[in-house]
Amino acid sequence: MGAMDLVKNHYIKEILARGVREDGRGMFDFRNMKIVPGVIDHAEGSAQVDLGNTRVLAGVKMQVDEPMPDTPNQGNQIMSAELLPLAHAEYETGPPSPEAIELARVVDRGIRAANCIDLEGLFLEEGKVWSVFADIYVLNYDGNLFDASTLAVMAALMNARVPDYKDGKADYTNKATPLKINSVVASTTFCKLDRSLLLDPDMHEEGAADCRITITTDGEGVRAMQKGMSGSLSTSEIEKLVDLSFDKYREVKKKLEESSRRRD
Amino acid sequence: MANKANKPQLLVNGKRLDGRAFNELRPLKIEAAVLKNADGSAYLEWGNNKILAAVYGPIEAMPKHVADPAKAIIKCRYSMAPFSSVGEHSRSGPNRRAIEISKVTKEAFENVVMLNDFPGSEIDIFIEVLQSDGGTRAAGITAAAVALANAGIHMKDLIYAVSAGKIDGNIVLDFNMIEDNYSDSDMPMAISPRNNDVLLLQMDGHFTREELKKAMGMVIEAGKTITKLQKDALNEVYKKAEVKYEEGA
């Protein structure tokens, strides 16, 4: 960590102690959220999401595959995340970092646990199912990749259309049927800095934070959680954040639905 | 969380398949100082899990550019042996799941190890799952905490981990493999028992707010048993050393 980072961390903690965030937001406000579905015509589904200056593109591709051995009657959900070198000075080329793997797996678990994709409907015939590949492309990093990525993947899935299936193969020239979505999840990521808890940390807040927690809900229950970084949380703090997560769900879901309606 | 279609019955007459109560841990045995070369080590059997943890360090951080002049860094490698699971031979070395587990395990230990005491150095934690039976990441953390203490690494607390989850609407502690595969939700946690702070938390499935609260309470209650076994394992090492001393060995 360079000297300027230390100065920045100190500044962020100092104003936070007075209840102020650098960009003037409330502790539990999201940054400005912009969802643009359908940005990649060649993909079966796609969406670009801006969360403040964080920008994530999610693409959904589908292909005819063999089912997983333990789930012979349902389709496959496969998630990956790339922290592209163009997104931040510290991101490097090479095999996926532990951060990228964690990001993809946390987003995957939330969407899988809530059965967002109707995987049972993706069975084609004995030994053949659809695989749904959702790839998270981080284009600009300014904190909170978890929420931006869940949002982008969710929007891309809601935007996806299934290719026709003919003679045991996918016909990518005909994509009429929308991908069936069973439920919508939203994730909320909080950081703890000294004694303050705050939603949707930007890059500098994340850099100064002791602890991070991501809570994914479908509005009715908690579907996935992941604590990160070396700090700790009490069980009562976790309960408080789960309550907030339910409140925020409605706000995020509304944004998602508005953006998908605009396209139709 | 595998295929729900052929989900076996996990509860029969309100009892779990292995006869345990909902809040009952599997048999847990811990032994410290089991490897000669490592600075600290522990072997643990938890249900049918067999897990070896070893700690090397503090040693000079390598490569040089990863060293932090202000504090020690922790490196952690959780890995499952290719012969550890029922079924097919798996590829050796960490896969994506193992890389994620290594990351969150490292972060949990960064909370309690007194990193500032060892500037410029690294502490290596190796967790090898020799036989897996559900809850291996929790078992690995519980073993690694003992190995760290055995290595004489300064720590604020001796942490433990265990998972709680949901089966058919019931909150249940410490899943075995079959429960792990077919449960409705699973939540591994690592806890610092002196203040019950949560150092690792992962969850997937479905929890209401009340279920979550109950599951967290169960994990904290179970800590009393686990912590005692960890301390007993460490005490045993030094008891042995005492006998040797008295014998003039």
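Here is how names work: the chains are called A, B, and so on, in the same order as the sequence lines, proteins then strands, and each is numbered from 1.
Taking OG1 of B:Thr142 as the start and CD1 of B:Ile127 as the end, the distance is 9.5 Å to the nearest 0.5 Å. For the atom pair CD1 of A:Ile136 and CE of A:Met79, the computed distance is 6.0 Å after rounding to the nearest 0.5 Å.
Taking the ring centroids of A:His204 and A:Tyr11, they lie at or beyond the 6.0 Å cut-off.
Neither the backbone nor the side chain of A:Leu119 comes within less than 4.5 Å of any heavy atom in chain B. Contacts of A:Ile213 with chain B are made by side-chain atoms alone, with heavy-atom separations under 4.5 Å and no backbone atom involved.
Legend: salt bridge (Lys or Arg N to Asp or Glu O under 4.0 Å) pairs involving residues 72-81 of chain A, not counting sequence neighbours: none detected.
For a heavy-atom cut-off of 4.5 Å, chain B lies close to A:Glu220, A:Gly221, A:Val222, A:Arg223, A:Ala224, A:Met225, A:Gln226, A:Lys227 in residues 220-227 of chain A. Inspection of non-hydrogen atoms places B:Leu212, B:Lys213, B:Met216, B:Ile220 of residues 210-224 of chain B under 4.5 Å from chain A. Residues from residues 92-107 of chain A that place a non-hydrogen atom less than 4.5 Å from a non-hydrogen atom of chain B comprise A:Pro96, A:Pro98, A:Glu99, A:Ile101, A:Glu102, A:Ala104, A:Arg105, A:Val106, given in numerical order.
Residue A:Lys248 is tested with A:Ile215, A:Leu199, A:Thr217 for a side chain to side chain contact (heavy atoms under 4.5 Å, CB included); the sole match is A:Leu199. A salt bridge (Lys or Arg N to Asp or Glu O under 4.0 Å) with B:Glu122 holds for exactly one of B:Lys106, B:Lys75, B:Lys64; it is B:Lys75.
Between the side chains of A:Asp147 and A:Ser187, at least one donor N or O lies within less than 3.5 Å of an accepting N or O. Side chain to side chain, A:Glu125 and A:Tyr165 meet the donor-acceptor criterion of an N or O pair below 3.5 Å. Between the side chains of A:Tyr249 and A:Thr188, not a single donor N or O lies within less than 3.5 Å of an accepting N or O. Side-chain polar atoms of B:Asp117 and B:His154 form a donor-acceptor pair below 3.5 angstrom. A side-chain donor-acceptor contact under 3.5 Å links A:Asp200 and A:Asn144.
Using a 4.0 Å cut-off between a side-chain N of Lys or Arg and a carboxylate O of Asp or Glu, A:Lys180 and A:Asp118 qualify as a salt bridge.
In this pair, A:Tyr141 and A:His88 present their aromatic rings perpendicular. The plane angle is above 60°, beyond the 30 to 60° band. Ring pair A:Phe28/A:Phe190 is perpendicular by interplanar angle, where above 60° counts as perpendicular and below 30° as parallel.
Heavy-atom pairs under 4.5 Å with chain A peak, among B:Glu110, B:Arg97, B:Met187, B:Glu100, at B:Glu100.
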